[in-house]
Structures are given as C-alpha cells and as structure tokens.
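Only one structure is covered here, and it is reproduced in the block below.
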Amino acid sequence: MKTLNDTLGILVMNNQLKKKLLSAVIATVGVMPVFAYAQTHAGHAGYTSAPSETSTQPKTSGMDHGSMDMSGMNHGSMDMSGMNHGAGKAPAQGHDPMKMPMKQTDPGKSTSAMPGMKHGQSGSSAPAPDHNMGAMDDGDGEMDHGDMQMQGGSAPPDARDPDAYSDGYVRNAGKYALPPSDALIMSDMHNFGSVNFDRLEYVRARGEEWAAYEGEAWYGSTYNRAVIKVEGEIASGKLQESETQLLWRHAVSTFWDTELGVRFDHGQDAPNREWLAFGVKGLAPYWFEVDATAYVGPSGRTALGLKAEYDILLTQRLYLQPSVEVNFYGKDDERWGIGSGLTDGTAGLRLKYEVTRQFVPYIGVEWASKFGKTADYARAAGDSKQETRFVAGLSFRF
C-alpha cells in the first residue's frame, strides 16, 4: 500500500513538472518573434517618419520600398554598411551592404529627402562621401545611364592634324609639284591603244584552202575611242573580199559601248560599197559577247549584222568558244550575190589554249549556210549552199 502511494506521488509530481516545462516553452515561443522584430528594425532607430497628409500614424510593417521614387535621394550622409537596397522591388526587412557603383558629387551639397522617409545622420563620426543616386530608380530595379559618358563621339581637341607635317604643301602645287606632263591622274583619264586579232586562221573546205582574218585596233580612253575593224578572206595570194569599218566608240555603261562610223566593202569582180554604221557592242548577262551593227547605204540599201560569242572554261587556260553570226539585207544586190532578207549564217566552235593572255592558238570547225535568194545566186555561180570548214589559227593582241 505504501509502495502504491509512493508511486502515485511520483506521478503527480511528474505531471506538475511537465506542466511547468510546457508553460516555459510556450512563453519562449511567443516572445521570440517580438525579439526578432525588434532586432530587424534596430537599424531604423535613428529614422523619423515624415508626417503624411492622409494619416498621422507611420506605417512601417509591410512597407514596400519597391514603389518608392528614390530619384532625388542623397545617401551622402548615411552609413549604409548595414543596409541592403537590393536590385529592385524587395521586402523592407534586411538591408545588406549595397553593391552598386555610385556617382560621387560635391560633399557640400544639401541632402535631399526621400518622399515619405527621412534618413537622419548615422552614428558614424567620420563623414562618408556623398553618393548621388539621382540616376538610379529603385522603383523598377533599372538604372538610368543618361548621365554616363560613353565611348565615341567627336575627336578630342588635341587630336593630331593629318596635315601637320606637310608644311602647307599640296600634291599639285608648290615647289614639289610635278609638271603637267607627269602629274598623277587616274587611269581612265589616260589614252591607250591596242591591236586585237580574234581570228587569223587557215581554212579548208570542199578541197579548197584560204586564209581568213578578223580583228580591230583602237586608241583612246576608257570612255571614247577611235576604232578600226577589219574582216576578209585571202586566196591564192589575193584579197578576195574585205570589210573595213572606221568607228567612234563611246562607253554608255559599265559593259556596253555604242559605235558610230562608216563601212567599206571590197570584192573581186564586184563594185565597192559604202555604208553608214551604227551599233552596240558589249557584254550581255551571263557573259555573252555581243556585237550588233545596222548599216545604211546609197540607193536605199540597208543591212544588219549580229555576232555573239561565249567562252566555256575547261581549265584556267583551255576553253571552248562557240560563236554565231548572221546577216540581213534590205534589198537584192546581184553584183555581190546577195538577196534580201536573211542572207547567210555561220556557227563555229573553237578550242583555244591561252599560252599567255596575249597569245592563244586554237583549232575548230565551222558550219556555214546561205539562205533565200542568196543561196540561188550561189548555185548559179557554181558554189555550194552549205559547207563545213575546218580551221586552225591564232588569236593575239598587243
């Protein structure tokens, strides 16, 4: 019985001890937030809230620093070692040291107050340098770079003058200037000359042999040139027929020239013919070389000649050159064996090899045909209407 009473007494004593411990724990838990709140706002002990127009009671709990306009705030007299302004909208709890470059201003300037808050003097005895945060807007977390000086702009006033060492001399005047004959000018202002033979070849067809030539020589500038064009055939040591043109060539665009002049035709057992000539010559799209010339002669004679060439590169030096030539006449000329309309056409294919740019041997083949009344004149004279020609020759220029 005594043992039971002792046991019940121990249990009652334990229950009372448990109640006291539980009360102490509850009291500790209830006091901790109060201490935490007091420690958190200890940094604001020196601040006094400015009176508000709408309310006399300052609202501190839950204050949002993100909505404040801090554009006019001067933290020059503040000790911000315990503050954290964050990078935008942040809860107004902890203020850690702010890591943001500040623009230093004159320490003598007056301190501006932040609307709704007045940051008083800190406890530091040493005056801190002013930090002007006028270019920073804490409201949206962005920084205004309007007052910052960036690279670029005008050259500094002490930049070196590019003509500082010329002593006032210029290129075309003064004692060091060249005479007019040696004055430096652009290449398109000089006059040049060139001779270019596109065909100087041996021809064999129908068991017969002869030589043919076609070329031009010019002298002038890039824009205006005097040109001589020649073309003809030689057989048995005699000039069988020839065509000579004296032209003035004028550049009208990057790839095209106009030609204006006269043409003279010479043939065996045929009267000479004279023509006025007007044409265009140049490089068509896709690198086709084109030569088109219209002619007008006495007694209402007219003619049109068209030529085109194209280079197909096989290597850097070896290439194929197809060519086409056709002629049209406005009226019959029986003495020359020419009928009206499309008179004749020639298609050729030459394989050329550039030993140098100025020296190009070649071999090739041509197909020639006469049409209409011109073919009738050829048959009446005992000539063939169509023929295949094998050629070997040389293209050169200098």
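When reading the values below, keep in mind they use all heavy atoms of this one structure, side chains included, and skip hydrogens, waters and symmetry mates.
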Verdict with reasoning, Thr222 to His190, per side chain to side chain contact (heavy atoms under 4.5 Å, CB included): CA-CA 8 Å; Thr222 303; His190 286 283; over 6 Å; no

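- The main-chain N or O of Val230 is never found under 3.5 Å from a side-chain atom of Thr244 such that the two would form a donor-acceptor pair.
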What verdict does the side-chain hydrogen bond (donor to acceptor under 3.5 Å, both in side chains) test give for Glu209 and Tyr202, after you've listed the backbone C-alpha separation in whole Å, the side-chain angles of each residue and the deciding distance to 0.1 Å? CA-CA 7 Å; Glu209 301 176 350; Tyr202 162 82; 2.8 Å; yes

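- The minimum heavy-atom distance between Arg350 and Ser323, with the atom names listed, is NH1-OG, 3.7 Å.
- Considering CG of Leu200 and OH of Tyr362, their distance stands at 7.0 Å, rounded to 0.5 Å.
- The shortest side-chain heavy-atom distance between Arg249 and Lys229 falls under the 4.5 Å cut-off.
- Under a hydrophobic clustering in which Ile, Leu, Val, Met, Phe, Trp and Tyr are joined whenever their side-chain heavy atoms come within less than 4.5 Å, directly or via other members, Ile234 and Phe264 fall into the same cluster.
- Clustering ILVMFWY residues whenever any of their side-chain heavy atoms sit less than 4.5 angstrom apart, transitively, puts Val262 in a cluster other than the one holding Leu260.
- For the side chain to side chain contact (heavy atoms under 4.5 Å, CB included) with Glu216, the qualifying choice from Glu231, Lys281, Gln245 is Lys281, the only one to do so.
- Between Val324 and Thr346 the shortest side-chain heavy-atom distance does not fall below 4.5 Å.
- Residues Leu247 and Trp218 form no side-chain contact, since every pair of their non-hydrogen atoms from C-beta on lies 4.5 Å or further apart.
- Between the CZ atom in Arg204 and the CH2 atom in Trp210 there is a gap of 10.0 Å [rounded to 0.5 Å].
- Atom CD of Gln358 is surrounded by more than 12 heavy atoms from other residues, nucleotides or ligands within 6.0 Å.
- The two atoms that bring Leu394 and Pro361 nearest to each other are CD1-N, 3.7 Å, heavy atoms only.
- The nearest pair of heavy atoms linking Ala212 to Val203 is CB-CG2, 4.1 Å.
- The two atoms that bring Asn327 and Glu325 nearest to each other are ND2-OE2, 4.0 Å, heavy atoms only.
- Criterion: ILVMFWY side-chain heavy atoms under 4.5 Å apart, direct or through other members. Under it, Leu318 and Phe359 are part of a common hydrophobic cluster.
- Summarising the geometry, atom CG belonging to Leu320 is positioned 5.0 Å from atom CG belonging to Leu349; distances are rounded to the nearest 0.5 Å.
- Between Asp376 and Arg379 a salt bridge is recorded (basic side-chain N to carboxylate O distance below 4.0 Å).
- Atom CG in Asp311 sits 11.0 Å away from atom CH2 in Trp287 (nearest 0.5 Å).
- Few gaps surround CD on Gln268; more than 12 heavy atoms of other groups in view lie less than 6.0 Å from it.
- Here CZ of Phe278 is found 9.5 Å from CD of Glu259. Values are rounded to the nearest 0.5 Å.
- Proximity of Asp332 to Tyr377: side-chain heavy atoms (C-beta onward) are separated by under 4.5 Å at one or more points.
- Contact check for Thr388 versus Val365: side-chain heavy atoms found under the 4.5 Å cut-off.
- A salt bridge links Lys307 to Glu214: at least one charged side-chain nitrogen sits closer than 4.0 Å to a carboxylate oxygen.
- Taking NZ from Lys385 and CG from Asp344, the interatomic distance works out to 13.0 Å, rounded to the nearest 0.5 Å.
- In this structure, Tyr286 is a member of the same hydrophobic cluster as Leu314, with clusters built from ILVMFWY side-chain heavy atoms closer than 4.5 Å.
- Between Gly330 and Ser340, the shortest heavy-atom contact is O-CB, 3.9 Å.
- A salt bridge is defined here as a Lys NZ or Arg NE, NH1 or NH2 lying under 4.0 Å from an Asp or Glu carboxylate O, and Asp257 with Arg225 fails to meet this definition.
- Under the 4.5 Å side-chain contact rule for hydrophobic residues, Val195 and Val360 do not share a cluster.
- Looking at Lys352 and Asp198, a side-chain N of the basic residue comes within less than 4.0 Å of a carboxylate O on the acidic one, giving a salt bridge.
- With 3.5 Å as the limit, one finds no donor-acceptor pair spanning the side chains of Asp265 and Trp336.
- A cation-pi arrangement, defined by a distance under 6.0 Å to the six-membered ring centre and an angle within 45 degrees of its axis, is present between Arg301 and Trp275.
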Evaluation steps, side chain to side chain contact (heavy atoms under 4.5 Å, CB included), between Lys370 and Gln386: CA-CA 7 Å; Lys370 297 178 180 179; Gln386 297 178 342; over 6 Å; no

Start with the C-alpha gap between Phe371 and Leu342, add the side-chain angles, then the distance that decides, and say whether side chain to side chain contact (heavy atoms under 4.5 Å, CB included) holds. CA-CA 6 Å; Phe371 305 96; Leu342 175 61; 3.9 Å; yes

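- A 6.0 Å sphere centred on CD1 of Ile363 holds no more than 12 heavy atoms belonging to other residues, nucleotides or ligands.
- Closest non-hydrogen pair, Asn191 versus Tyr219, comes out as CB-OH, 3.4 Å.
- Trp256 is listed as a side-chain neighbour of Val290, based on a closest heavy-atom distance under 4.5 Å.
- Screening Glu208, Glu201, Glu366 for a salt bridge (charged side-chain N to carboxylate O under 4.0 Å, His left out) involving Arg389 leaves a single residue, Glu366.
- Contact check for Phe328 versus Val326: side-chain heavy atoms found under the 4.5 Å cut-off.
- Counting only heavy atoms from C-beta outward, the side chains of His266 and Glu241 never approach each other to under 4.5 Å.
- Residues Phe396 and Phe197 bring their aromatic ring centres within 6.0 Å.
- Using a cutoff of 4.0 Å between basic side-chain nitrogens and carboxylate oxygens, Glu243 and Arg263 are scored as salt-bridged.
- Around the CG atom of Leu351, the shell of radius 6.0 Å holds more than 12 heavy atoms that belong to other residues, nucleotides or ligands.
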Apply side chain to side chain contact (heavy atoms under 4.5 Å, CB included) to the pair Trp248 and Asn224, showing each step before the final yes or no. CA-CA 7 Å; Trp248 182 259; Asn224 295 285; 3.4 Å; yes

